Undergrad: 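Handing you a structure now.
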Amino acid sequence: MIALVSLSSCGPKDGDYRLEILTTNDLHGSYFDSTYVGDMTKPSLLAVKYYADSVRKAAGKNNVILIDAGDFLQGNNAAYYYNYVETGKSHIASRMFDYIGYDVVVGGNHDVETGHPVYDRVAAELKKAGIPYLSGNAIRNDDGGRYFPEYTILKKGGLKVAVLGYNNANIKAWLNESLWSGTHYISLLPLVQEDVDRIRAKEKPEIVIVVAHTGTGSGNGQVLESQGLDLFNSLNGVDAVICAHDHRPFIDNNGSTILLNSGSHARNVGHGSISLTIDDGKVVSKTLSAELIAVDADKADKEMKASFQSDYDAVKEFTVRKVGKLSVDMNSRDALTGMSDYVNFIHTVSLGCSPAEISVAAPISTNTFIKAGDLIYNDLFSLYQYENQLFVLTMSGQEIKDYLEVSYDQWIQTATKPGDHVLNIQAREDPRNNMKRWSFRAATYNFDSMAGLNYTVDVSKPYGERITISSMADGSAFDISRTYNVAMTSYRASGGGDLLPKIGVDTDNIDDRVVNKYPEIRELMYEYLKENGSINPEVTGDPKVIGHWEFIPEDIAKAGIAADMQLLYGNRP
């Protein structure tokens, strides 16, 4: 039996209690159930509303806590539109969280990526709606205090619940300091335990929930980016740990604490239950359970959908506007096998930004196919989904060569004869569906190539001996001792992917090398189309501008890569 009682100064009344915890994370702009183009229906906050209301109806509204664990402001047309285009009204995320009845929202690294004007505004809007925005490891540089609150107290079902919230500790590895100026982000260990101890002593809650936008990780305490299992395995006095960031659906329960990671893009709702008994004013027993609820995209809340229809219409109008033409079909997956029209386009845009002499770029997507013909703004989101800026910074010729060695070492493995694997792949269990499949060992968005150079990648050689740079794109000599101006994303310049740190570049002081900064790369693509009218591979693939690179020797590389791509993707387009 659920006791529905109010708090007194002496704490909860004796009896049995049960609270339900519902979680989302890494929504990446999944506000609407439509992709704005075509008739595909996808999971969204509209369907999350259906599930939240279903649990509230069954358990009682005051016995349900709804939490989002961050990365909701980036990754989708609607997020971009309300971040930077329609800024005269409250952000759609703030309004949707309020409409659905979220109790707590925690910041993620991609929320910080939008910049102070966006996330500070959204935090203020949420606060006005009575929804705390937590990010307790964002520390002010001026006085050492918290930039955002680290916790809030909820009164649910006659119990006092402390919810602590934190962002990812590795912000500086991906984002330029201008996006988080005035603050710095610190490790969750030992910070969270110190906060838990202090808050338990001060507030005396019956239930404590820790929400952290950090990957689940392996629990070895070595990865700053992924401290979920580190927290789960080490925290005392905590009933639930909610993590995020890695898009990996995951649950665990050790009897005293549950761990929830719902994955991403509203595909699942994390569901935790906590049952406890109060006797003589004290918690004498506690039972916990955890599960993931798959979200049915078709179960969108109709009233909510109607309420936000005008927002959807505005985003769709922005999304489908024509921005130029594409002269041939473009498949982003081609970028895994060598030079491609997709990455060549990014290189061409980057090299057009003064004073860039060399461009660094990776395939941000490997699942994008765009047919030749008219391009709409939505196609630019498909080509480049992140809000990365473009930086031009100085690198020596030796650093450039070393950088390429590091990049391709993630991409390929040494193959000495036909039939050997060339791509750096392995067969392993996919944590998203527990099925075994072939996949890259490293993230493909870190597979950087360079333009402005002519070079080869010898797949038969070991790391450190694979790259041979023959010249600059225009045929002039490449000088290993000279300094060059290199264009790359702000993510990469800040240390993202660990490529620059691996060659000894101090990314904590990267501004010492930066000679120019440009807006977001997607906007640079848009400006290119406004000026040139189309993406024409004969232009964007001009070897006199971008140069040429290839895998050698051909007899080993070509057949090996084709076989590996078959393992990875089969006959899928």
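Not measured: the values here are computed from a predicted model.
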Undergrad: Any donor-acceptor pair under 3.5 Å linking the side-chain atoms of T414 with those of R466?
TA: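 A pair is found: one side chain offers a donor N or O, the other an acceptor, under 3.5 Å apart.
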
Undergrad: When you check the side-chain N and O atoms of T319 and N77, is any donor under 3.5 Å from an acceptor?
TA: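 Note: T319 and N77 side chains meet the donor-acceptor criterion.
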
Undergrad: Please answer whether the main-chain N or O of S365 pairs with a side-chain N or O of Y342 as donor and acceptor at a distance below 3.5 Å.
TA: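 It does hold such a pair.
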
Undergrad: Is the shortest side-chain heavy-atom distance between S354 and Y518 below 4.5 Å?
TA: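 Counting from C-beta outward, S354 and Y518 do come under 4.5 Å.
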
Undergrad: Are any side-chain N or O atoms of D26 and backbone N or O atoms of H245, one a donor and one an acceptor, separated by less than 3.5 Å?
TA: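 Present.
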
Undergrad: Of all the heavy-atom pairs spanning G497 and Y491, show the shortest one and how long it is.
TA: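 That closest heavy-atom pairing would be N-OH, 3.4 Å.
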
Undergrad: For F318 and Y377, take the angle between the two ring planes, folded into 0 to 90°, and tell me which bin it lands in: parallel under 30, tilted 30 to 60, perpendicular over 60.
TA: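 The arrangement is tilted - the two ring planes meet at 30° to 60°.
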
Undergrad: Just say parallel, tilted or perpendicular for the rings of H265 and H247, cut-offs at 30° and 60°.
TA: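 Plane angle over 60°, so perpendicular.
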
Undergrad: Quick check: are there more than 12 heavy atoms from other residues, nucleotides or ligands sitting under 6.0 Å from CD of Q566?
TA: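 Counting other residues, nucleotides and ligands, CD of Q566 exceeds 12 neighbours.
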
Undergrad: Quick one about N109 and E113 (side-chain donor to acceptor, distance below 3.5 Å, no hydrogens or angles considered), yes or no?
TA: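 No donor-acceptor contact under 3.5 Å links the two side chains.
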
Undergrad: Using distance alone, with no hydrogens and no angle criterion, decide if N454 and S470 have a side-chain donor and acceptor under 3.5 Å apart.
TA: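 No donor-acceptor contact under 3.5 Å links the two side chains.
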
Undergrad: Are any side-chain N or O atoms of S135 and backbone N or O atoms of A138, one a donor and one an acceptor, separated by less than 3.5 Å?
TA: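 Not a single qualifying donor-acceptor pair exists.
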
Undergrad: For the residue pair R140 and Y185, would you count it as a cation-pi contact if the rule is NZ or CZ under 6.0 angstrom from the ring centre and within 45 degrees of the ring axis?
TA: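 Negative - R140 is either too far from the ring of Y185 or too far off its axis.
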
Undergrad: Which heavy atom in D448 sits nearest to a heavy atom in A362, and how many Å separate them?
TA: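 Residues D448 and A362, closest heavy atoms: OD1-CB, 3.1 Å.
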
Undergrad: Going by the angle between their ring planes, with limits at 30° and 60°, are Y386 and H110 parallel, tilted or perpendicular?
TA: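 Geometry flag for H110 against Y386: parallel rings.
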
Undergrad: Does a donor on one side chain sit under 3.5 Å from an acceptor on the other, for N261 and R248?
TA: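 The criterion, which ignores hydrogens and geometry beyond distance, is not satisfied for R248 and N261.
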
Undergrad: Heavy-atom count around Q426 CD within 6.0 Å, excluding the residue itself: above 12?
TA: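 Counting neighbours around CD of Q426, more than 12 heavy atoms of other residues, nucleotides or ligands fall under 6.0 Å, so yes.
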
Undergrad: Between N76 (side chain only) and S30 (backbone N and O only), is there a donor and an acceptor less than 3.5 Å apart?
TA: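 A pair under 3.5 Å: no.
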
Undergrad: Within the side chain of E523, is there an N or O that forms a donor-acceptor pair under 3.5 Å with the backbone of E520?
TA: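 Not at all, since once roles are kept as given, no pair shorter than 3.5 Å links the two residues.
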
Undergrad: Does a donor on one side chain sit under 3.5 Å from an acceptor on the other, for N25 and H213?
TA: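 The answer is no; no qualifying pair exists.
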
Undergrad: Step by step, would you call D311 with K89 a salt bridge (charged side-chain N to carboxylate O under 4.0 Å, His left out)?
TA: CA-CA 11 Å; D311 294 285; K89 61 191 298 188; 3.5 Å; yes

Undergrad: Restricting to non-hydrogen atoms, name the atom on V343 and the atom on A335 that form the minimum distance, rounded to 0.1 Å.
TA: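 Smallest interatomic distance, heavy atoms only, reads CG2-CB, 3.6 Å.
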
Undergrad: Does any N or O in the side chain of D379 come within less than 3.5 Å of the main-chain N or O of I376, such that one atom is a donor and the other an acceptor?
TA: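 Indeed, once roles are kept as given, a pair shorter than 3.5 Å links the two residues.
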
Undergrad: Should N83 and H91 count as side-chain neighbours, where that means a heavy-atom distance under 4.5 Å?
TA: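 Of all side-chain heavy-atom pairs linking H91 with N83, at least one is under 4.5 Å.
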
Undergrad: Test salt bridge (charged side-chain N to carboxylate O under 4.0 Å, His left out) on R482 and E357 and set out the steps.
TA: CA-CA 12 Å; R482 198 198 123 183; E357 301 166 277; 2.3 Å; yes

Undergrad: Is the number of heavy atoms from other residues, nucleotides or ligands within 6.0 Å of OH (Y445) greater than 12?
TA: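 Open: at most 12 neighbouring heavy atoms sit under 6.0 Å from OH of Y445.
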
Undergrad: Keeping the roles fixed (side chain from N176, backbone from S490), state whether a donor-acceptor pair exists under 3.5 Å.
TA: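 Absent.
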
Undergrad: The test is ring pair (Phe, Tyr, Trp, His ring centres under 6.0 Å); show your working for Y119 and Y133 and say whether it passes.
TA: CA-CA 10 Å; Y119 63 82; Y133 179 93; 7.4 Å; no

Undergrad: Is it the case that over 12 heavy atoms from other parts of the model lie below 6.0 angstrom from the NZ atom of K544?
TA: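 Incorrect, the count does not exceed 12.
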
Undergrad: Would you say D479 and S481 are linked by a side-chain donor-acceptor pair, where the criterion is simply a distance under 3.5 Å?
TA: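 Yes, D479 and S481 have a side-chain donor paired with an acceptor closer than 3.5 Å.
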
Undergrad: For Q227 and S187, test the side chains for any donor-to-acceptor distance below 3.5 angstrom and give the result as yes or no.
TA: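 Indeed, the side chains of Q227 and S187 share at least one donor-acceptor pair under 3.5 Å.
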
Undergrad: I need the minimum non-hydrogen distance between P355 and V392, along with the two atoms involved.
TA: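 It is CD-CG1, 3.8 Å.
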
Undergrad: Are R333 and Y569 in a cation-pi setup, meaning NZ or CZ lies under 6.0 angstrom from the ring centre and within 45 degrees of the ring axis?
TA: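 Geometry flag: set, cation within 6.0 Å and 45°.
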
Undergrad: Tell me whether the centres of the aromatic rings in H116 and Y147 are closer together than 6.0 Å.
TA: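 For H116 and Y147, the ring centres are under 6.0 Å apart.
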
Undergrad: Quick one: do K401 and E405 satisfy salt bridge (charged side-chain N to carboxylate O under 4.0 Å, His left out)? Show the steps, please.
TA: CA-CA 6 Å; K401 197 270 186 187; E405 290 283 359; 2.8 Å; yes

Undergrad: Under the 3.5 angstrom rule, does the side chain of Y166 hit a backbone N or O of V106 as a donor-acceptor pair?
TA: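 Checked: no pair found.
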
Undergrad: Mind listing the closest non-hydrogen atom pair of P537 and S327 along with its distance?
TA: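 Closest approach of P537 to S327: CD-OG, 3.1 Å.
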
Undergrad: Quick one: are the ring centres of W438 and F440 less than 6.0 Å apart?
TA: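 Centroid distance W438-F440: not below 6.0 Å, so no.
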
Undergrad: Checking Y403 against R492: is there a side-chain donor and acceptor pair closer than 3.5 Å?
TA: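 Checked: R492/Y403 side chains pair up, N/O donor to acceptor below 3.5 Å.
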
Undergrad: Under a 3.5 Å cutoff, is there a donor and acceptor pairing between the side chains of D506 and N509?
TA: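 Indeed, the side chains of D506 and N509 share at least one donor-acceptor pair under 3.5 Å.
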
Undergrad: Minimum heavy-atom separation for L326 to I370, with atom names?
TA: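 That would be CD2-O, 3.6 Å.
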
Undergrad: Would F447 and Y408 count as a close aromatic pair, with their ring centres under 6.0 Å?
TA: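 F447 vs Y408: aromatic centres not under 6.0 Å.
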
Undergrad: One pair to check against salt bridge (charged side-chain N to carboxylate O under 4.0 Å, His left out): D313 and K316. What are the steps and the verdict?
TA: CA-CA 5 Å; D313 292 340; K316 183 171 183 177; over 6 Å; no

Undergrad: Verify the ring-centre separation between H347 and W549: is it less than 6.0 angstrom?
TA: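 They do not qualify: ring centres at least 6.0 Å apart.
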
Undergrad: Answer yes or no: is there a donor N or O on one side and an acceptor on the other, between the side chain of Q413 and the main chain of L423, under 3.5 Å?
TA: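 Pair found, side chain donor or acceptor close to backbone of L423.
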
Undergrad: Does the plane of the ring in Y312 sit parallel, tilted or perpendicular to the ring in F32? Use 30° and 60° as the thresholds.
TA: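 Ring orientation, 0 to 90° scale: perpendicular.
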
Undergrad: Does F72 have its ring centroid less than 6.0 Å away from the ring centroid of Y31?
TA: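 No: the rings miss the under 6.0 Å criterion.
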
Undergrad: For K42, is the NZ atom crowded, meaning more than 12 foreign heavy atoms sit under 6.0 Å from it?
TA: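 Counting neighbours around NZ of K42, more than 12 heavy atoms of other residues, nucleotides or ligands fall under 6.0 Å, so yes.
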
Undergrad: Report, as yes or no, whether the 6.0 Å neighbourhood of atom NZ on K517 holds more than 12 heavy atoms from other residues, nucleotides or ligands.
TA: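 Check passes, neighbour count above 12.
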
Undergrad: Determine whether the side chains of S460 and D458 contain a donor N or O and an acceptor N or O closer than 3.5 Å.
TA: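 Judged by distance alone, the side chains do pair up.
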
Undergrad: Just by distance, do the side chain of S396 and the backbone of E399 share a donor-acceptor pair under 3.5 Å?
TA: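 Between the backbone of E399 and the side chain of S396 there is a qualifying donor-acceptor contact (under 3.5 Å).
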
Undergrad: Looking just at side-chain N and O atoms, do H421 and D564 make a donor-acceptor pair shorter than 3.5 Å?
TA: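 Yes.
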
